[in-house]
There are 2 protein chains.
Amino acid sequence: MLYIIGLGLGDEKDITLRGLEAVQKSQKVFIEAYTSLLSFGISSDGLSTLKEMYNLLQEKLYGKSITVADREMVEEKADDILLEATSSDVAFLVVGDPFGATTHTDLVVRAKKLGVDVKVVHNASVMNAIGVCGLQLYRYGETVSLPFFTDTWRPDSFYEKIQRNRKLGLHTLCLLDIRVKEPSLESLCSYRGKKQYEPPRFMAVSVAIEQLLEVEQMRGENAYTEDTTCVGFARLGSEDQLVVAGSMKQLLEVDFGLPLHCLVIVGDTHPVEEEMLDFYKLAKNQGQA
Amino acid sequence: MLYIIGLGLGDEKDITLRGLEAVQKSQKVFIEAYTSLLSFGISSDGLSTLKEMYNLLQEKLYGKSITVADREMVEEKADDILLEATSSDVAFLVVGDPFGATTHTDLVVRAKKLGVDVKVVHNASVMNAIGVCGLQLYRYGETVSLPFFTDTWRPDSFYEKIQRNRKLGLHTLCLLDIRVKEPSLESLCSYRGKKQYEPPRFMAVSVAIEQLLEVEQMRGENAYTEDTTCVGFARLGSEDQLVVAGSMKQLLEVDFGLPLHCLVIVGDTHPVEEEMLDFYKLAKNQGQA
């Protein structure tokens with residue numbers, strides 16, 4: 001049996017009792033390290049590291065050793081993981097909910113093709129935890145992803161989607177780029193030697209807004225302006241989460257601190273949504289909802 | 001402190017360790033009974049009742065008594081609950097995640113106005129757990145709600161929204177009506193005496209599809225047809241969940257069993273989405289993902 005277990009968004013205490021039971025009865029435990037482990041591995045004081053977090057998980061909570069599965073491992077060695085799951089219980093831990101990112105769907109598909117039974121243990125993900133700001137989840141349009149712009153690559157396909165959502169009065173969740181264990185350019189260009197990796201990068205709310213405004217300036221179709229109300233989130237779901245509402249211009253000046261960040265572009269609001277947003281507006285913010 | 005704690009979708013084991021800790025240190029514990037407790041209160045064999053579930057929660061897990069807060073209580077006595085939270089720790093348990101339904105936003109707004117500190121403990125909700133069928137969450141358009149039609153009330157504002165989503169190739173989550181503790185017509189018409197309530201009702205996938213097809217027939221704009229691929233879900237997130245993909249016509253014939261049900265109308269699909277959906281298509285289905 002392969003258990004794919006969502007860990008939720010905060011720390012080791014966000015696993016469910018069902019998830020913990022599955023971990024405890026599994027002979028082998030993997031934890032995915034590539035989608036959004038940053039949030040899970042960095043505590044509010046910025047001092048604890050992934051390593052410490054694993055130790056905590058291992059010793060205090062699970063009582064067994066955990067293998068960190070990075071992107072390469074999951075993509076290249078999935079069949080080894082799945083082979084183990086044919087004859088024993090294997091737990092695969094993911095941050096958030098198992099179906100926030102494509103790769104886990106892929107793992108399920110591979111498992112099913114090999115005849116491995118799969119059980120999913122759900123948990124909170126960014127896709128529902130953003131509800132904390134008071135904007136109703138059923139009033140969101142299509143979600144967009146904002147990639148890091150480079151000198152030569154500045155894709156803007158998110159623009160039409162945001163424009164469409166806003167014309168319909170819908171809110172837009174912007175997922176911000178995360179780059180973990182990206183092979184370095186040097187490493188990709190060399191034929192031999194150990195692979196080198198870029199340091200991890202995550203997009204801050206301010207960078208997201210800068211990129212959004214750059215694209216608006218180029219396109220000039222008024223999908224949004226610097227006065228458009230947004231909500232910025234940092235470390236959503238953890239004890240020290242920060243939620244701040246304000247215009248794009250205002251949020252540009254807010255230091256959201258450690259990752260992960262995400263951004264919501266607000267559409268038309270109902271009165272209850274408005275009342276709740278008010279609590280997060282600048283000057284009154286910093287509170288945990 | 002008011003803790004608003006998501007219980008997740010399955011049973012008492014879907015609470016998180018963080019949520020359980022908060023319950024354990026609270027002096028008073030409420031559980032909301034009006035949004036979607038049906039799923040939480042009915043086990044796979046259909047024998048256990050809400051009462052038994054509370055007993056289980058109380059005795060096995062929480063070690064303290066729980067007050068069931070029905071719609072009237074939350075709407076009329078919210079201030080009493082909040083008053084207690086000014087001087088002690090109060091836990092308010094909700095099925096799914098605290099921000100799936102409007103009313104909990106309302107409770108937070110009231111709490112903040114009274115100066116009561118609020119902490120939210122997130123969990124899985126229908127809004128993200130539907131990811132289990134393999135359709136990517138970021139490819140959903142606006143969510144719609146399907147209300148029970150009556151002889152005289154057959155609202156169809158969901159039609160435009162579905163049509164819009166489908167034109168854009170997006171999936172549509174349809175939340176199906178739940179009627180719990182609705183005052184009976186007789187009771188509303190009488191001036192005195194104890195309030196009487198209708199028996200609880202929940203919309204089945206087949207009823208949802210009948211209503212959808214009825215509206216399509218009236219409107220005739222081809223937003224969808226009986227051949228449109230959909231995914232039906234029953235008891236999403238619990239051990240005996242059922243996920244079946246097929247055309248509307250096919251799903252009409254499937255007995256999804258006990259509540260809660262929901263329905264996804266499929267938009268354009270990517271190859272990985274398609275592969276995953278195949279596992280749920282009729283003849284191959286019944287498996288738990």
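All values below come from the heavy atoms of this structure, side chains included, with hydrogens, waters and symmetry mates left out. Numbers restart at 1 for each chain; the letters A, B, ... are given by sequence-line order, proteins then strands.
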**OP:** Sequence neighbours left out, what passes side chain to side chain contact (heavy atoms under 4.5 Å, CB included) with V121(A)? Give chain and number order.
**Re:** I5(A), T16(A), R18(A)

Original post:
Is it the side chain or the backbone of E273(A) that comes within 4.5 Å of chain B heavy atoms, both, or neither?
Top reply: neither

Original post:
Among N123(B), I130(B), I4(B), L137(B), who wins on heavy-atom pairs under 4.5 Å with chain A?
Top reply: N123(B)

Original post:
Looking at V108(B), L2(B), V118(B), which hits side-chain contact (heavy atoms from CB on, under 4.5 Å) with F92(B)?
Top reply: L2(B)

Original post:
Could you state the interatomic distance from OG (S157(B)) to CG (L146(B)), rounded to the nearest 0.5 Å?
Top reply: 9.5 Å

Subject >> D177(A) side chain vs F148(A) backbone, donor-acceptor pair below 3.5 Å >> reply: yes

**OP:** Heavy-atom pairs under 4.5 Å with chain A are the metric here; pick the option from A129(B), G19(B), A111(B) that has the most.
**Re:** A129(B)

Original post:
Quick check: does any side chain N or O of Y159(B) sit under 3.5 Å from a backbone N or O of E221(B), one acting as donor and the other as acceptor?
Top reply: yes

**OP:** For chain A, find its close neighbours in residues 165-174 of chain B: heavy-atom separation under 4.5 Å, sorted by number, or none.
**Re:** L168(B), L170(B)

Original post:
Can you tell which of R164(B), H270(B), R139(B) has the highest number of heavy-atom pairs within less than 4.5 Å of chain A?
Top reply: R164(B)

**OP:** Please determine if K112(B) and E275(A) form a salt bridge, counting it only when a charged side-chain N lies under 4.0 Å from a carboxylate O.
**Re:** no

Subject >> K281(A) bridged to E274(A) by N-O distance under 4.0 Å >> reply: yes

Subject >> Test: D240(B) and R235(B) ion pair at under 4.0 Å >> reply: yes

Subject >> Side-chain (Q241(A)) to main-chain (G237(A)) donor-acceptor, under 3.5 angstrom >> reply: yes

Original post:
With respect to chain B, which residue among S145(A), G141(A), A124(A) yields the maximal number of heavy-atom pairs within a distance under 4.5 Å?
Top reply: A124(A)

Original post:
chain B heavy atoms under 4.5 Å from K161(A): which part of the residue, side chain, backbone, both or neither?
Top reply: neither

